[in-house]
Chemist: 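Right, I'll just put the structure down here and ask away after.
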Amino acid sequence: MSDRIVAAEVLLTSPGRNYVTLKLTTADGVVGWGDATLNGRELAVAAYLREHLCPQLVGRDPGRIEDTWQYLYRGAYWRRGPVTMTAIGAVDLALWDILGKTAGLPVYRLLGGAVRDRVRAYTHATGWETAQLCDAVDAAVERGFTAVRVQTGVPGLDTVYGVGRGPGYEPAGRGTVPAEETWDTAAYLRHAPAALAEVRAHTGPELALLHDAHHRLTPIEAARLGRALEPVDLYWLEDVTPCENQEVLRRVRAHTTTPLAIGEVFSTIWEFQQLITEQLIDHARAAVTHAGGISSLRRLAALADPWQVRISPHGPSDVSPVAMAAALHVALATPNHGIQEYMGHPGPAHEVFRHAWSCVDGHLHPGDAPGLGVDVDEALAARFPYEPALLPVARRRDGSMTDW
Ligand code: KDG
Ligand code: MG
């Protein structure tokens, strides 16, 4: 391909929540879009792109996708980390988008074509009280979902991350200083297994139920929770321990057969290596953008396949419709894909990011438009300016900080 990248620009917009989007334009006028959103750290990725990567992209051959990935990752002295990898992920998505548009093919066809007809998705149900949670699960089932993540309030706490007092929730709160919440693991462990057992009794055996512990537990607490939840027959228990020390999962695994999912905060294949090769997890949760793009998510899937670990990417509202498209192209073309998280996006985000992907009966499909299949309405995006927003922090009852 003799075409060159002639412009690399970064867009910030907040159609209901903040999104960072990379726009690459070729000399032939082909535009590629990449998601660069890192929840609560949007400006850091925007600056990394604007100041460091965009100048290096202008003049490059957009068809050299793998070489560009290697140049930005392997070539850099300071590498890894969520900011760097999200920026690289955005570039990778935009290049695959350009390749697809140039070839006139959806990206999944470039990845070898569909290995399934549609992608199973799970959505979120939250309820402070268990009755409310059961209603939320019923609403998800009525929309056609066959898999639902269930998060419950905890008696004695005022707030629980990811559980609204009303319907739904948004992870990030507006402002430049994070909200502070109080967390009590003992209260959570006393309540969650019983609440989830009630949900299972309500749904019957067939619905896949998932639960997210948001990295808050010690290994033995995680083991206890996994064991206590065995009668609930979860599809998975997610993020039981903090992300830094993978070896602690050996203890969890030794005590429970509840399937484990981990990795939405991981940025590289190397962070997954031990978890996969020791079979300490069942699902690798890397988000397509946060872990370096389509190219590296496919490498992760290849590493995971012989160990019978599946990739089941992160998909909350902060994974933009552009990244959702990319995740779906990978999902459709990757044999060891498990399930795609689909929290949904705020209404105006669907107008700003007009997408070919669809969600029907609890299943997603990337559509057959060339490239990723997302067009960004830049004029509309400009009408939703960026507003600072942050994820909360949490302290234990004694005032000390607790883990994510
Ligand atoms: O940005 C962080 C949120 O997207 C995250 O907390 C949501 O845990 C989450 C999930 O599984 O979607
Ligand atoms: Mg999670």
Side-chain angles (χ1 to χ4, degrees), residues 14 16-20 35-45 82-83 85-86 89 121-126 136 140 145 147-152 159-164 168-175 178-179 181 183 188 192 208-217 222 225 234-243 258-267 271-272 275 281-291 310-324 327 338-346 349 364 388-394 402-404:
S14 192
R17 73 162 345 280
N18 289 320
Y19 295 109
V20 183
D35 176 34
T37 309
L38 188 61
N39 205 1
R41 293 291 182 270
E42 289 86 0
L43 300 185
V45 184
V83 172
M85 296 310 293
T86 300
Y122 74 90
T123 195
H124 294 189
T126 71
F145 284 95
V148 184
R149 188 188 85 156
V150 286
Q151 303 296 120
T152 169
T159 51
V160 170
Y161 176 70
V163 183
Y169 78 101
E170 164 51 50
R174 300 284 181 192
E181 299 182 344
W183 176 248
Y188 166 70
L209 295 176
L210 304 85
H211 180 66
D212 193 341
H214 293 303
H215 327 258
R216 293 261 162 96
L217 308 177
L225 180 62
L234 288 183
Y235 184 90
W236 78 41
L237 175 60
E238 179 183 338
D239 284 344
V240 281
T241 50
C243 62
T258 292
L260 299 177
I262 283 196
E264 68 184 44
V265 299
F266 291 4
S267 319
E271 288 159 84
F272 282 102
L275 295 182
I281 58 171
D282 301 281
H283 295 263
R285 294 264 298 133
V288 63
T289 293
H290 302 154
R310 289 178 281 172
I311 59 160
S312 293
H314 195 209
S317 57
D318 43 294
V319 164
S320 93
V322 177
M324 182 56 65
I339 197 165
Q340 174 61 50
E341 180 180 18
Y342 181 61
M343 177 177 168
H345 300 94
L364 296 152
L390 291 166
L391 291 166
V393 300
T402 189
D403 281 302
W404 265 114

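First listed ligand is number 1; within each ligand, the first listed atom is number 1.
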Chemist: Under 4.0 Å, counting heavy atoms only: does M343 come that close to any atom of ligand 1?
Modeler: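 No, M343 has no heavy atom closer than 4.0 Å to ligand 1.
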Chemist: So which N/O/S atom does E264 have closest to the Mg ion (ligand 2)?
Modeler: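 Nearest N/O/S atom of E264: OE1.
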Chemist: Which of the atoms of ligand 1 are close to R285, meaning less than 4.0 Å from one of its heavy atoms?
Modeler: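 Under 4.0 Å from R285, ligand 1 has these atoms: 10 (C), 11 (O).
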Chemist: Heavy-atom pairs closer than 4.0 Å: do any link ligand 1 to the side chain of E341, the backbone, both, or neither?
Modeler: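 Only the side chain of E341 comes within reach of ligand 1.
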Chemist: Report yes if some N/O of Y122 lies less than 3.5 Å from some N/O of ligand 1; otherwise report no.
Modeler: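 Min N/O separation from ligand 1 is not below 3.5 Å for Y122.
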Chemist: W404 and Y161: aromatic ring centres closer than 6.0 Å?
Modeler: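 Yes: the rings meet the under 6.0 Å criterion.
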Chemist: Looking only at N, O or S atoms, find the one in E238 nearest to the Mg ion (ligand 2) and name it.
Modeler: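 When I compare the N, O and S atoms of E238, OE2 is nearest to the Mg ion (ligand 2).
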Chemist: Output the list of atoms in ligand 1 that are nearer than 4.0 Å to some heavy atom of D212, sorted by atom number.
Modeler: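 Answer for ligand 1: 8 (O), 9 (C), 10 (C), 11 (O).
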Chemist: Please list the nearest protein heavy atom to atom 7 (C) of ligand 1 with its residue and the distance rounded to 0.1 Å.
Modeler: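 Looking at atom 7 (C) of ligand 1, the protein heavy atom closest to it is H314 NE2, 3.6 Å.
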Chemist: Taking the side chain as every heavy atom from C-beta outward, state whether R17 and N39 have any pair of such atoms under 4.5 Å apart.
Modeler: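 Side-chain contact under 4.5 Å: yes.
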Chemist: Can you name the N, O or S atom of D212 that is closest to the Mg ion (ligand 2)?
Modeler: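 Output for this pair reads OD2.
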Chemist: For atom 3 (C) of ligand 1, grab the closest protein heavy atom and report residue, atom and distance to one decimal in Å.
Modeler: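 Answer, as residue, atom name and distance: Y161 OH, 3.5 Å.
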Chemist: Got a sec: is E341 within less than 2.8 Å of the Mg ion (ligand 2) via an N/O/S atom?
Modeler: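 For E341, the answer is no, given that no N, O or S atom comes within less than 2.8 Å of the Mg ion (ligand 2).
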Chemist: Looking at T289 and T86, would you say the former's side chain and the latter's main chain have a donor-acceptor pair under 3.5 Å?
Modeler: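 Answer holds: no.
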Chemist: Return the closest protein heavy atom for atom 8 (O) of ligand 1 as residue, atom name and distance.
Modeler: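 Going atom by atom, the protein heavy atom closest to atom 8 (O) of ligand 1 ends up being E264 OE2, 2.8 Å.
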Chemist: Would the distance check show the side chain of D239 and the main-chain N or O of A213 forming a donor-acceptor pair, the cut-off being under 3.5 Å?
Modeler: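 Not at all, since once roles are kept as given, no pair shorter than 3.5 Å links the two residues.
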Chemist: F266 and F272: ring-ring contact (aromatic ring centres under 6.0 Å, His included), yes or no, with the steps?
Modeler: CA-CA 8 Å; F266 291 4; F272 282 102; 4.8 Å; yes
Chemist: Mark up the atoms of ligand 1 that fall under 4.0 Å of a heavy atom belonging to E238, in ascending order.
Modeler: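 Atoms satisfying the 4.0 Å criterion: 11 (O).
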Chemist: Whether the side chain of Q340 engages the backbone of P313 through a donor-acceptor N/O pair (distance < 3.5 Å, no angle test) should be reported.
Modeler: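 Yes; judged by distance alone, with no hydrogens or angles, the pair exists.
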Chemist: Suppose I only count heavy atoms of N39 and a 4.0 Å limit; which atoms of ligand 1 are within that range?
Modeler: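 So the answer, numbered in order with elements, is 1 (O), 2 (C).
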Chemist: Around atom 4 (O) of ligand 1, find the nearest protein heavy atom and jot down its residue, atom name and distance.
Modeler: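 Nearest neighbour among protein heavy atoms for atom 4 (O) of ligand 1, to 0.1 Å: D318 OD1, 2.7 Å.
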